[in-house]
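Let me begin by presenting the structure, written as C-alpha cells, before commenting on it.
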Amino acid sequence: MRIFSGIQPTGRKHLGNYIGAIRGYLAGQERGDPALYCIVDLHATTVAYDPGRLRSYVYDTLAMLMASGLDPDRSILFRQSDVHEHTELSWLLSSVTSHGDLNRMTQFKEKSAAQRELVSAGLFFYPVLMAADVLAYRAHEIPVGDDQRQHVELMRDIAQRFNAAYGDTLVVPEHRIPDVGARIMDLQDPLSKMSTTGSEERGLIFVDDEEKAILKKVKSAVTDSGSEVRRAPDKAGITNLIDILAVIRGSAQEDVEREFEGQGYGAFKGAVAEAVVDYLRPVRERYRELRGDEHALEAVLGAGADRARALASETLADVRQAMGVGPPA
Ligand code: ATP
Ligand code: MG
C-alpha cells in the first residue's frame, strides 16, 4: 500500500490542515509501504508569492510535519522541486488531460477570482502537476481534505485515460478523506474553508499559535444569534466548532451537542478553545526545537528526495516507454 500526499509551503499551516490532512498522514505512516509526504513548493508558485521566503516556508512546513509526529526514518519527507520527474510527468500527462475538465475545477475558479494582478497558467495547470505528484509513485491512497476531492477525481480520470491510451502503466489512486473534520471553516467567515492563502489571520488558528492567540480567536469566532449548541445549515460557525471539538476528543458530534445542551455559546467556546490549546501544545513545543536547525532539515529533505527519486524514475521510464518518447528502453 503506497500512500502519497502533498502540502504547500505557503506560510504557517493551520488547524484545518492539521485536522483535515496531517492527522491522515500520521495514520498513513503506520500503514504506508512507503508513505510519502511532499512539500509542494512548485504549487506554491502558482499564486503571487515572495521568492525570498519560499525556502524558509519549506523548512517551516517540514518542521511542522515532523513536530506532528512524521518520522523521516519511517515516511519519505521531501521537497517537490528536488525530484524533476514530477514536472516531466505533468507534461506527459497533459496529453490525456481534458481542457474542459480543468475548466471545471472549483479551486481554479476560487483562486483565480482572488488574484489581483495575474491569473497564471500554472494555477490552471495545477491539477495536472498534482496528478503527476501522486501517479509518479503509483500511490494507492491519498489522505487529503474535502477541498481536494475534485482534484483526486480528475487524476483518477487522467490515470484511466493514460492506461486506456498507452497500456496499463499507472495505478488509479483513491482519496482518503476523514468523515469528520475534512472541511474546517474560517472562524470569521464560516461559509469559507480555513485557508493558508485565502483567510485573514483572525479566521485561522495556526498550528504554532500562542495559547493566548488561540483563546482569543476561538472566543471571537463568528456564530449565529441563537444560543443552542447544535449542528444546522444556518449555524455554520457553531457546526464548525462542534466538528473541531469532536475530532479533538475522538467523540461523536452528537455527544458534543448533548454535553452542551442548555449551556450558552460562551461556555462552549471556552471548552473548544481549551481543547485546541491542549491539542496543539506538544506540536508547538517540538516545532520550536526542530525549526532552529535548518541544516538538519535540509539533510532530511535531501535524503527523502533520493528515496523518492528512485521510485519516481521507474514510473517515468515506463511512461516514456509506453508513450514512445525518447530512445527505446
Ligand atoms: P490554500 O487555501 O492556499 O490552497 P491550504 O490551506 O488549502 O492552502 P494546502 O497546503 O493547499 O493548504 O493543503 C494541504 C492539505 O490540507 C490538503 O490535503 C487540503 O485538502 C487540506 N486542507 C486545507 N484546508 C483545509 C480545511 N480548511 N479543512 C480541512 N482540510 C484542509
Ligand atoms: Mg489548498
Side-chain angles (χ1 to χ4, degrees), residues 3-28 35-50 54 57-58 60-62 64-65 68 70 77 79-80 105-115 120 122-123 126-127 129-131 133-134 139 141-155 173-201 203-207 217 221 236-237 239-244 246-248 276:
I3 295 174
F4 181 98
S5 199
I7 185 164
Q8 295 196 74
T10 33
R12 295 164 74 200
K13 303 311 282 190
H14 54 76
L15 185 67
N17 300 132
Y18 193 89
I19 287 181
I22 296 169
R23 251 181 344 133
Y25 301 177
L26 294 168
L36 300 113
Y37 301 116
C38 182
I39 299 172
V40 290
D41 55 345
L42 299 176
H43 283 289
T45 67
T46 58
V47 293
Y49 77 104
D50 178 355
L54 183 57
Y57 282 160
V58 171
D60 292 347
T61 307
L62 176 63
M64 211 269 289
L65 293 178
S68 305
L70 292 182
L77 307 178
R79 175 169 48 209
Q80 183 185 33
M105 293 294 118
T106 313
Q107 175 171 295
F108 175 72
K109 288 180 195 158
E110 287 174 0
K111 288 193 177 178
S112 58
Q115 296 311 302
S120 73
L123 190 59
Y126 185 118
L129 180 57
M130 178 170 161
D133 294 337
V134 176
E141 207 177 275
I142 320 164
V144 280
D146 182 68
D147 63 312
Q148 294 303 320
R149 195 182 287 273
Q150 201 182 25
H151 288 164
V152 174
E153 274 313 310
L154 177 68
M155 79 171 73
E174 281 178 28
H175 63 65
R176 188 172 262 260
I177 296 175
D179 295 335
V180 183
R183 194 173 183 81
I184 299 299
M185 309 310 275
D186 185 311
L187 296 181
Q188 290 298 318
D189 172 15
L191 296 177
S192 305
K193 87 165 186 91
M194 195 178 276
S195 153
T196 323
T197 55
S199 296
E200 295 198 15
E201 167 130 19
L204 291 160
I205 295 174
F206 295 112
V207 174
K217 288 175 186 176
T239 302
N240 189 37
L241 296 178
I242 291 173
D243 282 358
I244 292 172
V247 165
I248 292 178
V276 173

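Indexing begins at 1, ligand by ligand and atom by atom, following the structure's order. All values below were derived from every heavy atom in this structure, side-chain atoms included, with hydrogens, water molecules and symmetry-related copies excluded. Just so you know, these numbers come straight off a predicted model, no measurement behind them.
Between Ala139 and Phe4, the shortest heavy-atom distance links the atoms CB-CB, 3.7 Å. What you find for Arg79 and Val58 is that their closest heavy atoms are CD-CG1, 4.1 Å. For the residue pair Asp147 and Lys193, the shortest heavy atom distance occurs at OD2-CE, 3.6 Å. Summarising the geometry of Leu154 relative to Pro127, their closest heavy-atom pair is CD2-CB, 3.5 Å, with the distance given to 0.1 Å. The two residues Val152 and Glu174 have their closest heavy-atom pair at CG1-C, 4.5 Å.
The protein residues lying under 4.0 angstrom from ligand 1, judged by non-hydrogen atoms, are Ile7, Gln8, Lys13, His14, Gly16, Asn17, Gly20, Ala21, Lys111, Val144, Gly145, Asp147, Gln148, Gly181, Ala182, Arg183, Ile184, Lys193, Met194, Ser195, Thr196, Thr197.
With sequence neighbours left out, Asp60 forms a salt bridge (charged side-chain N to carboxylate O under 4.0 Å, His left out) with Arg291.
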